[in-house]
Amino acid sequence: MWQSILKFIQKWFHRFGSPRWFYQTTGKWLPYLAVISVGLLVLGSIWGLGFAPQDARQGNSYRIIFIHVPISVLAMIGYYVMAAAGAVALIWKIKIANMVMVSAAPLGAALTFLALLTGSIWGKPTWGTYWVWDARITSMLILFFLYLGVIALNQAFTSRDTAYKACAILSLVGTVNIPIIYKSVDWWYTLHQPATIKLTGASSIHPDMLKPLIVMILGFYCFYALVLMLNTRTEILAREWRSSWVRGLSQ
Amino acid sequence: MATTPLLELQNLAFERDDWPLFESLSIALCAGDVMQISGPNGCGKTTLLHILTTLHSPSYGSVLWRGEAINGSAIYLAELAFIGHQPGVKLALTARENMRWCLGLFAPRKNITIDTALDSAGLNTCKDVPCSTLSAGQLRRVALAALYLRDATLWLLDEPLTALDSDAIADLESLFETHRRAGGIIVFSSHQALSIDGVRNLALAEFTAKVH
Amino acid sequence: MATTPLLELQNLAFERDDWPLFESLSIALCAGDVMQISGPNGCGKTTLLHILTTLHSPSYGSVLWRGEAINGSAIYLAELAFIGHQPGVKLALTARENMRWCLGLFAPRKNITIDTALDSAGLNTCKDVPCSTLSAGQLRRVALAALYLRDATLWLLDEPLTALDSDAIADLESLFETHRRAGGIIVFSSHQALSIDGVRNLALAEFTAKVH
Amino acid sequence: MHPTNNSHTGILQRDLLVAIRQGSDFLNPLLFFVMTTTLVPLAVSPSPSQLAVIAPGMIWITALLATLLALDGIFKDDLADGSLLQIILSPKSLWSLVLAKVIAHWLKTGLPITLMAPLLGMMLSLPGEGYIPLVTGLAVGTACFSLIGAVGAALTVALQRGGVLLSLVVMPLYFPVLIFGASSVQRAVQGLEYLPVLAMLGAFFTFTLLTGPFAAAAALRVGING
Amino acid sequence: MHPTNNSHTGILQRDLLVAIRQGSDFLNPLLFFVMTTTLVPLAVSPSPSQLAVIAPGMIWITALLATLLALDGIFKDDLADGSLLQIILSPKSLWSLVLAKVIAHWLKTGLPITLMAPLLGMMLSLPGEGYIPLVTGLAVGTACFSLIGAVGAALTVALQRGGVLLSLVVMPLYFPVLIFGASSVQRAVQGLEYLPVLAMLGAFFTFTLLTGPFAAAAALRVGING
Ligand code: HEM
Ligand SMILES: Nc1ncnc2c1ncn2[C@@H]1O[C@H](COP(=O)(O)OP(=O)(O)OP(=O)(O)O)[C@@H](O)[C@H]1O
Ligand SMILES: Nc1ncnc2c1ncn2[C@@H]1O[C@H](COP(=O)(O)OP(=O)(O)OP(=O)(O)O)[C@@H](O)[C@H]1O
Ligand SMILES: [Mg+2]
Ligand SMILES: [Mg+2]
């Protein structure tokens with residue numbers, strides 16, 4: 001019984017592992033996903049920007065939360081998506097997992113950058129400065145570097161296969177280290193914590209603000225999946241252009 | 001001579017980033033065989049040798065050593081000696097120091113010392129000068145001295161004749177003879193012909209993948 | 001053929017850190033001469049070629065070009081093409097881009113384009129891939145393609161046959177023929193014999209300093 | 001003296017011998033360490049009270065950079081002359097050979113830096129309480145730098161301009177070491193308990209020691225293919 | 001388009017093309033610059049008031065190190081593949097070919113660093129008055145670094161582990177640039193006159209520009225013989 005389940009999983013993995021299958025299947029999903037994510041994002045934006053109540057302390061400037069928070073969350077999750085894909089690729093030697101991994105890296109880096117940017121923009125009205133060395137912010141910056149490392153490594157190799165393996169190893173090493181890095185930065189911050197700045201927890205948020213925020217988070221999740229698929233499809237075409245099925249596409 | 005093959009290449013194919021280089025390559029080598037890989041520039045000789053060292057993996061097919069697939073296990077590596085394009089010699093050290101380091105990594109032959117190995121390779125006058133002051137051919141001789149020193153059955157040599165003068169080539173030919181008599185196998189790539197008998201030839205260009 | 005020598009080596013000697021390598025070397029080469037420097041490993045062939053390029057200076061004696069001592073002046077360099085052990089090819093660039101750079105440094109021949117030079121060197125299929133993906137022999141061909149492209153009288157080549165297959169060697173031989181007919185001079189070192197006629201031989205070992 | 005027993009000391013010996021021959025190998029990271037630290041008073045401020053505040057951090061940053069700079073050659077030199085292939089093709093276990101190379105790297109960089117650090121502390125007016133955590137912390141911390149760095153060096157070994165790429169890859173992983181190391185000195189100077197911090201550094205070192213050589217060996221097999 | 005006219009742009013073009021191909025060439029010194037600056041708050045202190053004091057000096061030190069790190073390859077890569085010999089044997093004047101390589105180096109390192117500096121200034125809480133002298137100073141100063149560095153890189157080109165030796169050779173020559181550069185920013189922040197300091201930097205640059213390429217060309221001829 002267990003064996004048949006294992007076999008099923010394996011078979012599914014290998015079918016899913018075929019770039020051609022991935023390309024054709026995601027091709028069918030794309031329109032739906034696009035409609036859903038755009039719908040959620042538009043709904044969340046209108047709701048959040050137009051109808052959610054003003055914040056007592058921050059006035060209207062808090063509304064950037066509807067972009068900042070979903071992006072920050074996704075930026076972190078993105079690393080684990082990348083690392084998991086890398087692990088799958090290393091262990092089961094599945095081609096498509098490599099392609100997902102290297103497609104997730106620039107996407108994650110872009111999201112991290114946006115999180116830093118929106119955070120900075122928000123910081124000016126809230127803290128009076130664009131940048132402070134807070135634990136969460138510093139961790140985010142280090143995460144940005146980790147992403148850049150993977151991207152730079154990926155670009156530096158001429159052989160695609162080697163690049164894939166190298167990036168997989170690096171992202172795994174990074175994953176092992178992320179908790180350590182985060183803990184050490186947290187600990188460092190509590191040592192030095194300047195009294196002037198206070199980041200309150202998300203618990204203080206008003207339920208009327210929470211609902212549009214959840215819609216935005218869902219919207220961004222779908223959007224992330226959409227862009228990741230598009231990126232991976234581009235990578236597939238770049239990698240498989242010699243194969244007959246890709247050539248068939250252009251005819 | 002033994003008739004059971006030691007090294008078998010079974011239906012070997014290699015593609016780099018999905019670009020096929022050679023395919024359907026099947027060969028069996030027995031103890032005492034010397035094989036020269038020949039073929040035009042870029043046909044994949046170096047690549048094939050790298051596959052045999054396990055540095056690259058073949059895309060299809062397999063390589064068997066004593067009937068078992070090779071996979072970087074210590075058992076196979078212990079019987080293998082590879083000398084590639086780069087001599088693998090530390091320029092800051094002397095020839096003697098380099099050989100001592102070689103012995104740290106690999107098992108030595110019986111009844112041979114570093115001194116005699118270097119002498120046999122024709123380096124008697126420059127054992128104790130830093131290798132950075134050696135000429136191109138002398139440096140290759142230091143690399144080849146490892147063959148006198150090491151106890152390996154399978155020799156994989158990528159263009160071993162590069163930069164060697166005629167004396168050194170004659171020395172190498174007699175070394176090949178000795179090794180094959182002792183039951184060893186030699187696979188080497190070269191564009192020059194050796195003057196020893198019974199060298200099998202692998203014209204790699206015949207296996208070039210058709211898509212190419 | 002002209003009888004006034006273009007390149008003259010007069011009583012040349014070289015010692016490295018007071019250790020003599022060769023001495024009393026006198027040779028005169030006229031337009032159309034091809035000279036092979038031969039000799040055992042470490043006898044000083046590379047060193048001699050470096051002296052002719054002005055990279056090293058001789059310890060005694062002098063080298064004259066068209067009757068004047070060479071000294072790194074632009075006039076001599078403009079007539080010189082040197083290809084050493086390293087191919088001088090940027091691995092990150094394609095063969096075509098490397099040739100374009102070569103044209104930035106040296107004067108080109110008339111009536112030849114980069115494309116035809118690369119074709120003549122047998123690289124028609126790999127002009128536009130990064131040179132890091134080329135095999136040892138293909139890389140040497142890129143280096144040698146400069147000879148088709150450049151307008152130089154004196155060619156100094158250090159082991160030009162390294163890593164070349166038989167086709168490439170035949171190409172090179174016919175290139176040598178063309179160059180000597182046009183009044184050029186070729187000095188090259190090699191342990192292999194070329195199959196063209198009238199190659200002068202310089203057995204460098206005869207000039208090895210006696211102290212050695 | 002069967003060679004199976006001495007292959008690791010063999011690599012260690014060779015690497016140190018090469019370093020001694022090249023002379024500059026021991027001296028250079030050390031001099032870089034000293035010189036970069038000298039830049040601080042010139043560029044920031046020569047006032048002792050201000051220097052004392054930034055001294056722990058600056059010494060640690062400089063030690064990090066000095067180790068990083070010498071890291072590039074750890075495998076690259078061996079690749080260039082072909083001896084890396086021989087190491088990989090040795091029947092001995094690769095991780096132990098890699099560990100030997102890491103130890104050689106530490107003996108060439110981390111150790112001299114650690115021994116030199118008190119002098120630089122003095123030059124930057126570091127208060128007396130800081131010296132013990134500075135030296136113990138650097139000894140362990142630079143070993144972490146060498147171990148983590150080996151993974152990055154192995155991944156970038158065949159790349160043309162690996163040097164700066166290497167910094168990019170390993171620097172984020174160096175952050176915890178830097179934080180623990182610098183703050184243990186700071187705490188000691190402020191009269192706070194610093195042993196727990198050093199203990200954390202020690203724990204991180206143990207973890208790195210147990211995983212690093214394996215990761216580096218795997219990375220090396222991938223990295224050599226360029 | 002006779003080639004005599006385009007040999008310098010030829011080298012410049014090729015070096016930049018190689019940089020673009022290798023992708024990381026532009027990005028890496030920049031990232032090193034950013035990352036090392038990030039180490040400062042972690043190792044020293046995150047307090048904005050303390051950071052503001054050390055910001056000018058730290059940014060300058062980091063810019064110096066970033067340029068230095070990328071310097072090692074300026075001739076060494078060309079030596080390794082043999083193209084340096086071709087450059088030296090070209091009938092074109094060597095100093096102008098060297099100058100082209102220096103310009104390419106600056107475009108790859110100094111320029112991106114200069115453009116990035118304001119962002120780092122912000123992150124280290126540099127007060128608003130400091131930005132103009134920071135950017136102008138860095139533009140000129142990194143050019144000096146490239147020019148002076150080329151001489152050192154030329155001298156050490158054939159040495160095995162030139163990288164750290166190179167730092168040793170050029171660092172003393174970098175001191176004046178660092179002192180003028182950092183203090184011009186500090187003076188601006190303190191509300192003092194900073195133009196005379198920048199003028200001195202400019203004078204130093206002019207001098208370096210006029211002598212550097214010749215010195216580097218001479219050093220190169222010496223350096224290639226090992
Ligand atoms: C680890 C990544 C991050 C996450 C998960 C995150 C998440 C959040 C959340 C949930 C809030 C709203 C909670 C609250 O009201 O306090 C928030 C607020 C904020 N974040 Fe972030 N953020 C991240 C990174 C950043 C970065 C990198 C910056 C700046 C560059 C930043 C700047 C801000 C600011 C200014 C606020 C408002 C602070 C306040 O209300 O006092 N955040 N962030
Ligand atoms: N940098 C150096 N320092 C000291 N001695 C050197 C140096 N380079 C070469 N030599 C010595 O000079 C001699 C001549 O070297 P050279 O490279 O010219 O020989 P070669 O004739 O080209 O030999 P090969 O056929 O092996 O290429 C050799 O004995 C060598 O040991
Ligand atoms: N790193 C690489 N990436 C992509 N392609 C490569 C790489 N290395 C070699 N190749 C290609 O693979 C083919 C085979 O190369 P290989 O080095 O095995 O040839 P070879 O038979 O040894 O040639 P030579 O006689 O010139 O040494 C060549 O066409 C080459 O262009
Ligand atoms: Mg080859
Ligand atoms: Mg030679």
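Every heavy atom of this structure was used, including side-chain atoms; hydrogens, water molecules and symmetry mates were not. Chain letters run A, B, ... following the sequence lines, proteins first and then strands; every chain starts at 1.
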If you round to the nearest 0.5 Å, how far is CG of E:Leu31 from CZ of A:Phe145?
-> 7.5 Å

Atom CZ of A:Phe113 with >12 non-hydrogen neighbours under 6.0 angstrom = no

Quick one: does A:Leu141's side chain get under 4.5 Å of E:Met123's, heavy atoms only?
-> yes

Considering residues, nucleotides and ligands other than A:Phe220, do more than 12 of their heavy atoms fall under 6.0 Å from its CZ?
-> yes

Hey, is CD1 on E:Ile132 packed in by over 12 heavy atoms from elsewhere, all under 6.0 Å?
-> no

At a heavy-atom separation under 4.5 Å, does A:Leu153 approach chain E through its side chain, its backbone, both, or neither?
-> neither

Expected output: side-chain A:Trp133 to main-chain E:Leu42 donor-acceptor under 3.5 Å | no

